[in-house]
Amino acid sequence: MRAAPTILHLDMDAFFAAAEQAAKPSLRGKPVVVGGLGPRGVVATASYEARRFGVHSAMPMGQARRLAPNAAYLVPRFAFYRSISEQVMELLGRLSPLVEPLSLDEAFVDLEAGGLADDSAGARGVGERLRADILATTALTGSVGLAGSKMIAKIASEEAKPDGLVLIEPGTERELLGPRSVRILPGVGPATGEHLRRAGMTTVSDLTEAGEDELVRLLGRAHGASLYRMAQGYDDRAVVAERDAKSVSVEDTFDVDLHDRVRIRTEVERIADRCVARLRASGHSGRTIVLKVRRYDFSTLTRSETLRGPTDDPMVVREAAGRLLEAVDTTGGVRLLGVGVSGLADYTQEDLFAQAEEERAAGAEAGAGEPVEGGGGAGEPEPGGAVELAVERRWAPGHDVRHAVHGAGWVQGSGVGRVTVRFEEPWSAPGRVRTFSVDDPELEPSEPLPLVRKECPAGA
């Protein structure tokens with residue numbers, strides 16, 4: 001525990017939804033829900049306007065639509081959110097060498113390590129400047145918590161929401177925590193919370209009154225002792241600048257169960273390619289390929305294969321995932337597929353590329369003139385094949401487009417051969433809506449516009 005509130009916790013406000021509102025003037029001040037829009041979709045983020053109707057993260061999308069039928073429902077744009085996150089993390093990196101990202105929109109910062117603050121006044125000044133810099137850079141707001149430990153700083157940022165700053169002075173932790181629910185403490189989830197409730201402990205002060213021995217008896221030595229310390233406000237966890245990734249994975253849940261074996265194989269290859277793209281972006285390669293299959297009855301199977309050395313070759317990962325799929329019974333249908341790579345390393349073993357070529361050549365030689373069970377191999381698809389059909393243009397609600405005549409806009413909705421687009425930019429007034437044929441040659445998908453317009457230099 002520190003004598004000064006020099007641990008900062010930043011949490012962006014309703015990040016995905018707020019980014020969409022900033023990008024789309026017509027949605028500002030209105031309920032916005034971001035998530036999977038299919039019958040099995042869940043809410044990723046809801047704007048504060050949508051939360052007033054009871055919509056919250058992880059809620060089934062069908063339930064959200066019943067609660068807020070007039071909200072705007074949008075498909076996530078993760079590349080867009082990631083680009084904003086990078087801007088925010090760069091600002092945090094200017095404050096200290098010790099920045100611990102927890103997600104795209106959340107991070108701890110050790111201000112003491114950055115030499116910017118050693119007392120409450122200095123910490124508060126840094127926090128206020130950070131909030132102003134984030135707003136100027138991204139047009140979004142973030143809430144800041146400042147305290148002498150990570151646990152209390154995170155509680156403070158939650159108290160600060162939305163768009164605020166709360167500083168909790170070291171020494172006041174027990175007074176702050178006492179009347180709160182036990183669920184406010186790290187490591188107390190629904191199961192542990194219910195276990196404690198049955199033992200008559202619902203507030204943090206109940207835990208301190210029960211004593212360490214009783215918590216150890218109920219929860220075990222490690223968990224009980226740790227929880228008792230946190231109930232007293234003690235948290236000596238350090239801000240860790242880098243966390244070693246243990247695996248990289250991508251998975252998709254399908255609106256309708258997949259039955260066709262060729263389609264399932266195609267989806268596995270597509271997901272494998274996305275997994276490799278994420279793997280390469282992280283600067284890693286990996287040795288173990290993992291396939292995840294959730295079947296129609298919700299039973300989940302995982303299969304893995306360990307290679308001779310680490311790889312980031314999409315062909316190698318596709319072929320390994322394909323081999324694993326052959327060992328899985330998909331009769332009855334598949335509702336989720338995932339491909340992951342674990343056993344990560346910072347280098348690639350060169351001979352794996354040669355290995356992939358050898359295996360593909362051997363497979364082609366052995367199967368020349370014979371049909372391949374389950375569809376084609378894991379190489380590039382033939383023109384006009386299943387993969388080409390799978391990537392047919394789709395107009396996802398919320399995604400960016402550009403029209404040759406009307407300029408930049410975003411998809412409001414599509415169906416029965418038509419797509420409706422609202423033409424506006426982050427810095428414009430709410431725009432007009434027009435409808436086009438889904439195959440209109442003048443309408444194309446587009447990259448997102450920046451949320452903050454760059455000023456042209458004088459005389460340009």
Side-chain angles (χ1 to χ4, degrees), residues 35-44 58 60-62 75-79 245-282 284-307 311-344 356 359-360 363 372-382 385-392 394 396:
L37 302 189
R40 294 170 180 164
V42 297
V43 175
M61 192 60 77
V75 174
R77 299 186 292 162
F78 289 110
K246 296 181 179 179
S247 64
V248 173
S249 63
V250 174
E251 60 184 46
D252 274 350
T253 300
F254 303 100
D255 294 343
V256 178
D257 290 350
L258 304 184
H259 294 83
D260 181 72
R261 189 75 178 185
V262 175
R263 171 73 188 283
I264 294 171
R265 174 70 180 243
T266 297
E267 292 294 340
V268 166
E269 293 175 1
R270 181 181 61 82
I271 294 169
D273 285 345
R274 288 168 54 201
C275 180
V276 170
R278 187 172 295 180
L279 183 71
R280 287 179 167 179
S282 72
H284 291 95
S285 56
R287 295 185 67 228
T288 302
I289 314 303
V290 180
L291 176 71
K292 177 179 177 181
V293 179
R294 181 165 296 150
R295 299 188 293 190
Y296 70 99
D297 58 358
F298 287 88
S299 62
T300 302
L301 304 176
T302 57
R303 299 289 184 268
S304 64
E305 175 181 323
T306 299
L307 307 172
T311 184
D312 65 353
D313 182 3
M315 183 168 56
V316 172
V317 177
R318 282 200 304 264
E319 291 182 350
R323 289 193 296 271
L324 294 170
L325 178 64
E326 293 304 318
V328 175
D329 179 11
T330 59
T331 304
V334 169
R335 60 184 288 118
L336 177 146
L337 291 168
V339 175
V341 179
S342 60
L344 302 187
E359 290 178 353
R360 187 165 67 164
V372 180
E373 183 181 352
E380 294 300 315
E382 293 294 326
V387 173
E388 187 170 289
L389 292 175
V391 296
E392 181 181 348
R394 296 177 61 190

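Computed from a prediction, not measured in an experiment: that's the story for all the values here.
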Check: Atom CG in Leu336, atom CZ in Phe298: separation rounded to 0.5 Å?
Finding: 10.5 Å
Next item on the list: Evaluate the side-chain contact (heavy atoms from CB on, under 4.5 Å) criterion for residues Leu344 and Leu279: first the C-alpha distance (whole Å), next the side-chain angles of each, then the deciding distance (0.1 Å), finally the verdict.
Entry: CA-CA 9 Å; Leu344 302 187; Leu279 183 71; 3.7 Å; yes
Check: Got a sec, which residues hit side chain to side chain contact (heavy atoms under 4.5 Å, CB included) with Arg278, two or more places apart in sequence or on another chain?
Finding: Val248, Val250
Check: From Glu269 CD over to Glu319 CD, what is the distance, rounded to the nearest 0.5 angstrom?
Finding: 9.0 Å
Next item on the list: Quick one: list whatever passes side chain to side chain contact (heavy atoms under 4.5 Å, CB included) with Phe78, sequence neighbours left out.
Entry: Phe16, Pro76, Tyr81, Arg82
Next item on the list: Tell me, please, which residues at least two apart from Thr331 pass side chain to side chain contact (heavy atoms under 4.5 Å, CB included).
Entry: Asp329
Note to self: So, using side chain to side chain contact (heavy atoms under 4.5 Å, CB included) as the criterion, who are the partners of Asp252 when residues are at least two apart?
What the structure shows: Phe254, Arg270, Ile271, Arg274
Checklist line | Nearest atoms (heavy-atom pairs only) where Asp313 meets Thr311 | finding: N-OG1, 3.0 Å
Item checked: Arg295 side chain vs Gly332 backbone, donor-acceptor pair below 3.5 Å -> no
Notebook entry, point to check: Going from CZ on Arg280 to CG on Asp312, what distance comes out if it is rounded to the nearest 0.5 angstrom?
Noted result: 4.5 Å
Check: With a 4.5 Å limit on heavy-atom distance, are the side chains of Leu325 and Arg303 in contact?
Finding: no
Check: Who pairs with Arg77 by salt bridge (Lys or Arg N to Asp or Glu O under 4.0 Å), at least two apart in sequence or on another chain?
Finding: Glu20, Asp400
Check: Could you go step by step and tell me if Val42 and Met61 meet the side-chain contact (heavy atoms from CB on, under 4.5 Å) rule?
Finding: CA-CA 5 Å; Val42 297; Met61 192 60 77; over 6 Å; no
Item checked: Shortest non-hydrogen separation from Asp257 to Gly333 and the atoms involved -> CB-CA, 4.3 Å
Notebook entry, point to check: So, for Cys275 and Ser249, which heavy atoms are closest and what is the spacing to 0.1 Å?
Noted result: SG-CA, 4.1 Å
Hey, can you pull the donor-acceptor pairs under 3.5 Å for the side chains in residues 286-293, sequence neighbours left out?
| residue | atom | partner | partner atom | Å |
| --- | --- | --- | --- | --- |
| Arg287 | NH2 | Leu307 | O | 3.0 |
| Thr288 | OG1 | Thr306 | OG1 | 3.1 |
| Lys292 | NZ | Glu251 | OE1 | 3.2 |

Checklist line | With sequence neighbours excluded, residues passing side chain to side chain donor-acceptor pair (under 3.5 Å) with Thr300 | finding: Arg294
Next item on the list: Supply the atom-to-atom distance Ser299 OG to Arg335 CZ, rounded to the nearest 0.5 angstrom.
Entry: 10.5 Å
